[in-house]
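Because only heavy atoms are used, hydrogens play no part in the values below, and waters and symmetry mates are left out as well, while side chains stay in. Counting starts at 1 for both ligands and their atoms, in listed order.
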Amino acid sequence: MSSSGTAPSDHGHTGPSDHTGPSAHSHGGEGPGDPCAGPARGLWSVDEHLDDILAAVAPLEPIELQLPDAQGCVLVEDVTVPVALPPFDNSSMDGYAVRVADVAGASEEFPAVLTVIGDVAAGAGGLPEVGPGQAARIMTGAPLPPGAEAVVPVEWTDGGTGEGAAGTMRPASAAPEGAAGEVRVHRPAEARAHVRARGSDVRAGELALAAGTVLGPPQIGLLAAIGRGTVRVRPRPRVVVISTGSELTQPGEPLTEGRIYDSNSFALAAAARDAGAIAYRVGAVADDAESLRAAIEDQLIRADLLVTTGGVSVGAYDVVKEALTADGEVDFRKLAMQPGKPQGFGMIGPDHTPLLALPGNPVSSYVSFELFVRPAIRALMGLADRPDTQRPRVRAVLKADRALSSPAGRRQFLRGTYDAESGTVTPVGGSGSHLIAALAHADALLVVPEEATGVEPGTELEVVLLG
Ligand code: AMP
Ligand code: MG
């Protein structure tokens, strides 16, 4: 544990002593990433901390996944089309498969009268041959039978009722396969009319999806359509969220004196899932370094990324710092940021699993997640270069009754609501990092730059949209 003892934590406001702190790598060269990384001064900027994380976190090794499990993942192979799509000529309408010459010149007044030789349903095999003067009743998606050259929609016929008026298809039972019947066709048809040609969607051998494609629902659909049951992708990262604090009670249990409910592990597990990860939530671990080390040890086996909350300040029970400082794998540093000043980052265990130790205050941990954990998850997924690695950012005009004050030298993230129509952002709640209710009513973070000590209403600010 740090012995400086008096330095303020994320709980409260800090003074200019922020700027005179020790080197961020005071434990010497053992930290993650480049041991020479980080600022010469005590505080890391938000960007330096993020860069340090992204430099150390590599995309997960690709694996073969069942199609439904690959949603949201990045494809790592070029997928070519094994068989043409559609695989055979088929009808785009319910109607009659006919020969063009038989319906030439047909009209309401002088319909072409054809013998119906049977039904062709979607999925049918053993197709009837359509000869001169004949038609086969055909359903959407059914293969075009040999001999037929076009499909006449049922609306352009009497529907086989023999009454001369356009009718609807009769139930199959009314016209059993092979049953003799007649259909009157009221219009001519061009060759291939209402026929979807084999390969008209994609041809065999064509590139269906290139490596690097993110598999959304339409891409999953295409892979299924060309018969792929599994695909090679970078898997969703398994993110383990561990909250710490002896004061924490699990929701649903009675609250005894001096205790509060654990909200961080729920919020961050939800945020991890939202970012594309498979999230495992570990209920609060007490402020005891041995218990925490054991919990982390247990979780390492299933984690691609570990996130802890709480215990990173310089208080007497700052368990994460205490448990993880000793072997030097995790670097605890202070950021020029509010909320979220104390942060830890390192690669731990035999597999060098990234661990981000976030501060305990609920707003601090959530803002830290958005700024650092979300990009780390996206990097593990192989999405580091994409624009959606970060939340979208826009410029918006501050709408407020009075000026906001902001700590000098710290990038401040205030909660607010963004109105796209007016291009304004309105703060919700204050700057306190315990204000969970205000966070729940916000949809944006207002970014007040390091150099600003106040922001007048009407000022344009950067805004992070929380989606
Ligand atoms: P710490 O950094 O552990 O001292 O926590 C800072 C503040 O956040 C304290 O008021 C804690 O009670 C609170 N806190 C820590 N962890 C959680 C949690 N999982 N859920 C809700 N509040 C928390
Ligand atoms: Mg704590």
Side-chain angles (χ1 to χ4, degrees), residues 1-14 18 49 239-273 279-296 299 306-325 330-335 337-345 355-373 410 413 415 429-440 442:
M1 287 218 39
S2 163
S3 56
S4 60
T6 54
S9 68
D10 194 48
H11 313 240
H13 209 278
T14 57
D18 285 14
H49 183 57
V239 174
V240 172
V241 179
I242 306 176
S243 56
T244 68
S246 295
E247 75 279 30
L248 301 175
T249 297
Q250 294 306 293
E253 315 248 303
L255 205 57
T256 54
E257 198 191 338
R259 297 178 69 99
I260 59 168
Y261 287 119
D262 169 16
S263 61
N264 290 352
S265 67
F266 287 87
L268 299 194
R273 224 169 273 129
Y280 300 112
R281 192 188 64 82
V282 177
V285 174
D287 288 323
D288 166 64
E290 237 358 274
S291 313
L292 180 61
R293 266 195 289 267
I296 289 175
Q299 296 299 327
L306 278 153
V307 179
T308 64
T309 79
V312 290
S313 311
V314 285
Y317 298 97
D318 280 321
V319 63
V320 176
K321 212 167 175 183
E322 184 187 339
L324 298 178
T325 297
V330 178
D331 184 38
F332 290 89
R333 51 186 72 155
K334 290 185 168 56
L335 267 58
M337 168 179 172
Q338 193 210 40
K341 184 181 170 197
Q343 301 276 345
F345 170 60
L355 179 144
L356 276 79
L358 311 185
N361 272 307
V363 176
S364 313
S365 68
Y366 178 72
V367 168
S368 303
F369 184 98
E370 286 295 339
L371 296 179
F372 308 121
V373 185
R410 296 234 242 154
F413 294 88
R415 280 65 64 200
S431 62
S433 48
H434 62 293
L435 300 173
I436 304 174
L439 175 62

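- Heavy-atom proximity to T244, at under 4.0 Å, picks out these atoms of ligand 1: 16 (N).
- Side chain to side chain, S243 and N264 fail the donor-acceptor criterion of an N or O pair below 3.5 Å.
- Inter-residue side-chain proximity for Y317 and S246 is flagged as unmet; no heavy-atom pair is nearer than 4.5 Å.
- At a 4.0 Å heavy-atom cut-off, ligand 1 touches E247 through the side chain alone.
- With a heavy-atom cut-off of 4.0 Å, P362 touches ligand 1 through its side chain alone.
- Closest heavy-atom contact between A438 and G429: CB-CA, 3.8 Å.
- Contact record, K321 with V312: CD-O, 3.7 Å, taken as the closest heavy-atom pair.
- Listed by number with element, the atoms of ligand 1 under 4.0 angstrom from any heavy atom of S243 are 19 (N).
- In the candidate list S246, P251, P359, S263, S263 is nearest to atom 20 (N) of ligand 1, counting heavy atoms.
- Against a heavy-atom cut-off of under 4.0 Å, D262 is close to the following atoms of ligand 1: 18 (C), 19 (N), 20 (N).
- Side chains of D331 and F345 form no contact here, defined as non-hydrogen atoms less than 4.5 Å apart.
- L371 has its side chain out of reach of Q343: every pair of non-hydrogen atoms, C-beta onward, lies at least 4.5 Å apart.
- Using a 4.5 Å cut-off on side-chain heavy atoms (C-beta onward), V320 and V330 make no contact.
- The shortest side-chain heavy-atom distance between L358 and V373 falls under the 4.5 Å cut-off.
- Between G360, G311, S364, it is G360 that holds the heavy atom closest to atom 23 (C) of ligand 1.
- For atom 10 (O) of ligand 1, the choice among L358, N361, I436 with the nearest heavy atom turns out to be N361.
- Contact analysis leaves V320 out of contact with ligand 1, as no non-hydrogen atom separation drops below 4.0 angstrom.
- Using a 4.0 Å cut-off between heavy atoms, Y261 contacts ligand 1 through its backbone alone, with no side-chain atom that close.
- Only the side chain of L248 comes within 4.0 Å of ligand 1, counting heavy atoms alone; its backbone N, CA, C and O stay farther away.
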